[in-house]
Structures are given as structure tokens and as C-alpha cells.
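Note that ligands are numbered from 1 as they come in the structure, with each ligand's atoms numbered from 1 the same way. Starting from 1, each residue takes its place in the sequence as its number.
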Amino acid sequence: MAASATSKVLTATVDFVTSSTSSLTHRRGLTCSAAAAAAVAARIVPHPPDLVRWVRREGGLVHPKLKITDHLSHGLGVVATEEIPQGSELVVLPSHLPLRFRRDPESDGGGEGADSLLNQLASRVPEELWAMRLGLRLLQVRATVGSFWWPYISNLPEAFSVPIFFSREDIKNLQYAPLLHQVNKRCRFLFEFEKEVKLMLENVALKDHPFGGQDVNASSLGWAMSAVSSRAFRLHGEILHNGKNADIPMLLPLIDMCNHSFQPNAQIVQEQDMNSPNMSIKVVAETPIEQDTPVMLNYGCLSNDLFLLDYGFVIPSNPFDYVELKYDGTLLDAASMAAGVSSPSFSSPNYWQKEILSQLNLQGDQALPKVSLGGPGLVDGRLLAALRVLLSNDKETVQGHDLDTLMSLSEEAPLGVPIEVAALRTVIALSVIALEHFPTKIMEDESILKGDVSSSKELAIQFRMQKKLMIIDVMRKLAKRVKMLSEEKSTA
Ligand SMILES: C[S@@+](CC[C@H](N)C(=O)[O-])C[C@H]1O[C@@H](n2cnc3c(N)ncnc32)[C@H](O)[C@@H]1O
């Protein structure tokens with residue numbers, strides 16, 4: 001495969017991103033450090049108060065057959081000490097226990113108070129880094145002597161295994177440009193934000209200081225952002241004056257001790273409190289929970305990029321994992337030729353094909369060239385439709401199908417078996433190119449993991465290995481489909 005074609009496949013090249021790799025490792029402050037292991041259970045203080053007792057004392061409910069315990073590879077977790085029936089309420093939090101960022105419009109107007117300064121700082125955080133906003137509140141509460149939330153805060157991990165705390169070397173070890181890009185973006189933001197916070201708080205009197213006069217740097221900001229991204233749930237806030245309620249992120253004491261599974265045995269339920277605009281938040285058993293079984297919640301159908309970036313772990317054989325590719329006609333021509341398709345015309349579509357590419361947002365001013373491979377659909381619908389359309393010379397047949405049909409892999413061969421086989425073979429060749437883009441092979445990764453590696457290096461290697469295994473899985477499934485179609489055709 002031509003090097004120029006292969007270098008285009010992933011949405012950005014690793015070299016480009018790593019040339020400016022930022023990392024928080026050399027800036028570890030008082031309040032944070034990289035996790036010594038993905039499953040590290042060390043807390044902010046060595047012997048924090050009993051969280052279960054605190055929740056009960058504050059009027060919450062904790063099922064008597066639950067306890068917090070070490071979960072081998074997931075840190076702490078919540079476990080059933082005896083069988084718990086389906087439908088049982090496991091934890092109920094009264095509305096004053098969740099920690100949220102409450103934006104008080106009256107303190108937004110440039111006043112001097114601590115809350116006003118916190119609001120001003122929060123308003124400088126871009127929406128996509130929402131975790132930093134609640135993180136500011138978390139830092140404020142953490143710095144408050146005698147804080148109501150201290151029993152909760154003191155039970156938080158002292159370190160997180162998210163990649164902003166990896167060494168530069170281990171960030172490069174991820175080998176996947178879209179994630180490197182996100183990690184760098186977060187690191188750069190934290191360094192910039194540290195400057196802004198310092199500037200804004202330089203001459204603030206102690207009584208007005210949102211962090212009780214304590215130094216806040218990129219590391220402590222990173223700790224707070226990671227605490228929130230790995231533990232907060234987006235839930236309905238209280239009912240607003242207009243009767244609606246907006247989704248807001250909240251830290252849920254004790255509930256956030258539950259680990260993640262795609263086959264959860266419990267779920268979060270919100271209930272309107274009688275006579276108040278508040279919502280109580282519960283965890284309810286969705287299935288019977290056997291003795292010694294952990295209570296598991298589903299954090300969401302996320303890719304490994306998001307699990308690693310926000311939570312600091314990677315899920316093996318994650319059905320929602322995918323790789324990003326850039327839609328590029330020249331690359332598709334190369335892939336298609338490698339797949340044995342004769343005279344493909346991806347780089348020179350004719351006018352009716354161009355129109356469809358525009359409708360698919362793959363061409364024109366509004367083009368969104370990022371497409372994906374993997375996930376539940378295996379192939380990005382827009383990519384599949386483009387391949388099917390560009391491999392066909394039959395305008396009438398193509399125009400006889402709507403875009404949804406052309407984009408669906410479950411629609412078997414809408415433009416005929418030869419076109420379908422050529423399209424799928426092209427995707428397989430694209431997958432090979434994507435695989436070649438990783439500097440190491442799976443076997444090399446496996447042998448590195450057999451050695452003595454740091455936990456962050458292990459996570460980085462697990463991440464890239466899972467991406468490669470996922471691509472191979474896509475290739476295998478598509479090859480099976482090609483075989484089936486070819487057999488069907490030959491027996492027809
Ligand atoms: C909401 S907290 C759960 C409580 C956490 N285990 C603790 O020790 O505080 C989420 C964190 O738990 C760990 N975790 C949760 N589910 C996991 C899983 N399926 N695999 C690995 N780690 C997991 C990760 O460190 C994640 O950032």
C-alpha cells in the first residue's frame with residue numbers, strides 16, 4: 001500500500017499530535033498524582049469516615065445487605081453481602097446529598113464573593129469540559145474546613161488513571177491520533193486555566209477566596225476534573241419555574257462507588273419529592289443480586305476513547321468501540337484497488353454521485369469527513385452508502401433507494417451482489433490500512449505486557465490493542481458476509 005495513502009487514513013497522524021504532547025506528570029502538585037495502578041483504591045485520607053453511616057445519618061437509605069469493598073481490578077465497589085431481590089431499593093439519597101454546581105445568577109454580576117468568583121471561573125470553561133465546572137465546586141468544597149461534604153470528599157480517590165496524568169511516553173503509547181488529540185487538548189486547557197485562575201485570584205482577600213486561599217494548579221484542577229468525569233452522573237435537576245427540568249451533572253455520594261458493566265444489575269431512578277421541587281435519587285436492583293456480587297451500573301454505551309479519557313479504564317471487546325477514519329477519495333481508490341476492484345472512481349465521482357455525497361455530508365461546504373469503523377453498526381452508514389453509490393454506474397437503481405437503505409448494513413446488497421461485495425472488500429482493505437497505521441503489531445503489544453510495565457503503560461497498550469482487535473473483528477465479520485454473498489450468488 002502506498003505510504004501517502006496510508007498516512008491519510010486516521011483523522012490525524014500520531015506524529016503530528018505527539019510533536020506537541022502535553023502531560024501533567026511533571027506538574028504533580030500537592031493534591032494529585034497519577035494513579036499507581038488502574039485499580040488503586042487509595043483515598044484522599046488514609047482512614048476516611050464511614051460513607052454508608054454518613055448517608056444513613058443524613059436521612060438516606062442504604063440496603064442492609066450492602067457493603068463497600070475492594071473490587072480486584074476496579075478499585076472500590078459496592079457488593080451484596082447476601083442475596084437481594086429484584087426491585088429492591090439499594091441506595092436512596094435525599095436531595096441535599098448530591099453535589100452540583102449551582103449557578104446563582106445574582107452572583108454572576110462581577111461581585112467579590114467566593115461564589116461569584118467561582119461562577120466567573122466556571123464561565124471560562126468550554127461547554128465540552130463541563131466536568132471542570134463541577135470540578136471547581138468540588139475543589140471549593142474540598143478546601144472548606146469543616147465542609148458538610150467532607151465525609152464524601154475524603155472517600156474520593158487521591159489519584160486517577162486518566163491519560164492526562166500519563167507520561168509523555170505513555171500518551172504516545174496510545175498510538176491513536178484522535179485520543180492523543182483529546183488528551184493534549186485537555187492538558188493544554190488545564191495549563192491555560194491554571195494561569196487564568198491564578199490571575200483572577202491573585203489579590204483576592206481570604207474571606208472571598210473560593211478555595212480558602214489554597215493554591216490551585218493544573219494538577220489539582222486535573223484531579224477535580226477527573227473526579228467529576230469519572231464519577232458524576234447527568235440527571236434531571238430540580239424543576240424550574242417553567243415546569244421543565246434540565247439535565248445537570250451531579251456527584252452522588254455512595255452511588256458513585258458502583259462500578260460499570262454493560263450488563264448492569266441496577267439502575268438509577270429519580271423520583272419527585274412530595275411538596276418540593278427536588279428529586280430524590282435511588283439505585284434500584286434490576287435483577288436479583290446474588291451474595292458477594294457487585295452492584296453494577298451502566299455508565300453508558302461509550303467507546304474506549306471515552307472510557308479511558310473520562311474514567312481511566314478500557315473495556316476488552318467493547319461493542320461500542322470504533323476507529324475514526326477520514327473519508328478521502330484517493331485513499332478509497334487505493335483501498336479499492338488493493339481489494340481487487342477494477343477501475344474505482346472514488347476520487348472522480350460523476351455529478352449524480354456528487355449530489356448523493358453532498359446529501360451524506362461527505363462533500364461540499366458542510367462536509368463532515370470523519371467516518372468510523374466498528375461499533376454496533378460495524379461500518380459507518382455514510383461510508384457504506386458512499387461506497388455502494390460510487391461503485392455503481394446505474395443511476396436509476398441507486399436513485400430507487402432512499403439514503404437510509406443505502407446506509408444500512410442490515411439491508412443486504414441493495415444495489416446487487418457484485419456492488420456489495422466490492423464495497424465490503426473495499427472496507428476490509430481500508431481496515432488493513434487502518435491496522436497498518438499503528439506502529440506496533442498485536443503480538444508485540446502482548447509481549448510488552450508480559451514484561452514489567454507501569455500501570456499507565458499497561459493501560460495505553462491495552463487501549464491500542466483493543467483498537468486493533470476491534471478492527472480485526474470488523475474485517476472478520478465483513479469477510480464472512482462477503483463469503484456468504486458470494487456463495488448465495490453462485491448457488492442462485
Ligand atoms: C464511579 S467510580 C466507581 C468507584 C471506584 N471503583 C472507586 O474506587 O471509587 C468509577 C471508577 O471505577 C473504576 N471502574 C468502574 N467500572 C470499571 C470497570 N468496568 N473496569 C475497570 N474499572 C472500573 C474506574 O477507575 C472508574 O474511573
Does the Asp321 side chain pair with the main chain of Ser317, one donor and one acceptor, at a distance under 3.5 Å? no
Proximal ligand 1 atoms for Tyr311, defined as those under 4.0 Å from one of its heavy atoms: 24 (C), 25 (O), 26 (C), 27 (O)
What are the atoms of ligand 1, with element, lying closer than 4.0 Å to any heavy atom of Asp256? 1 (C), 2 (S), 3 (C), 4 (C)
Please check if atom CZ in Arg234 has more than 12 non-hydrogen atoms from other residues, nucleotides or ligands closer than 6.0 Å. yes
Taking heavy atoms and a distance under 4.0 Å, where does Cys258 meet ligand 1: side chain, backbone, both or neither? backbone
At a non-hydrogen distance cut-off of under 4.0 Å, which region of Arg43 contacts ligand 1 (side chain, backbone, both, or neither)? side chain
Name the orientation class of the two ring planes belonging to His209 and Phe211 (parallel below 30°, tilted from 30 to 60°, perpendicular beyond 60°). perpendicular
Can you give me the closest heavy-atom contact between Asn259 and Tyr299, atom names plus distance? CA-OH, 3.3 Å
Counting from 1 in the order shown, the ligand 1 atoms closer than 4.0 Å to a non-hydrogen atom of Ser230 are 1 (C), 2 (S), 10 (C), 27 (O)
Who's closest to atom 18 (C) of ligand 1 heavy-atom-wise, of Met257, Arg231, His74? His74
Between His74 and His71, what is the ring plane arrangement, given parallel below 30°, perpendicular above 60°, and tilted in between? parallel
Greater than 12 external heavy atoms within 6.0 Å of Tyr152's OH: yes
Using the ring of each side chain (for Trp, its six-membered ring), is Phe438 parallel, tilted or perpendicular to Tyr176, with breaks at 30° and 60°? parallel
Honestly, for Tyr299 the part within reach of ligand 1 (heavy atoms, under 4.0 Å) is side chain
Looking only at distances, please establish whether an N/O atom of ligand 1 is found under 3.5 Å from an N/O atom of Asn259. yes
Would you check whether Gly77 has a nitrogen or oxygen atom less than 3.5 angstrom from a nitrogen or oxygen atom of ligand 1? no
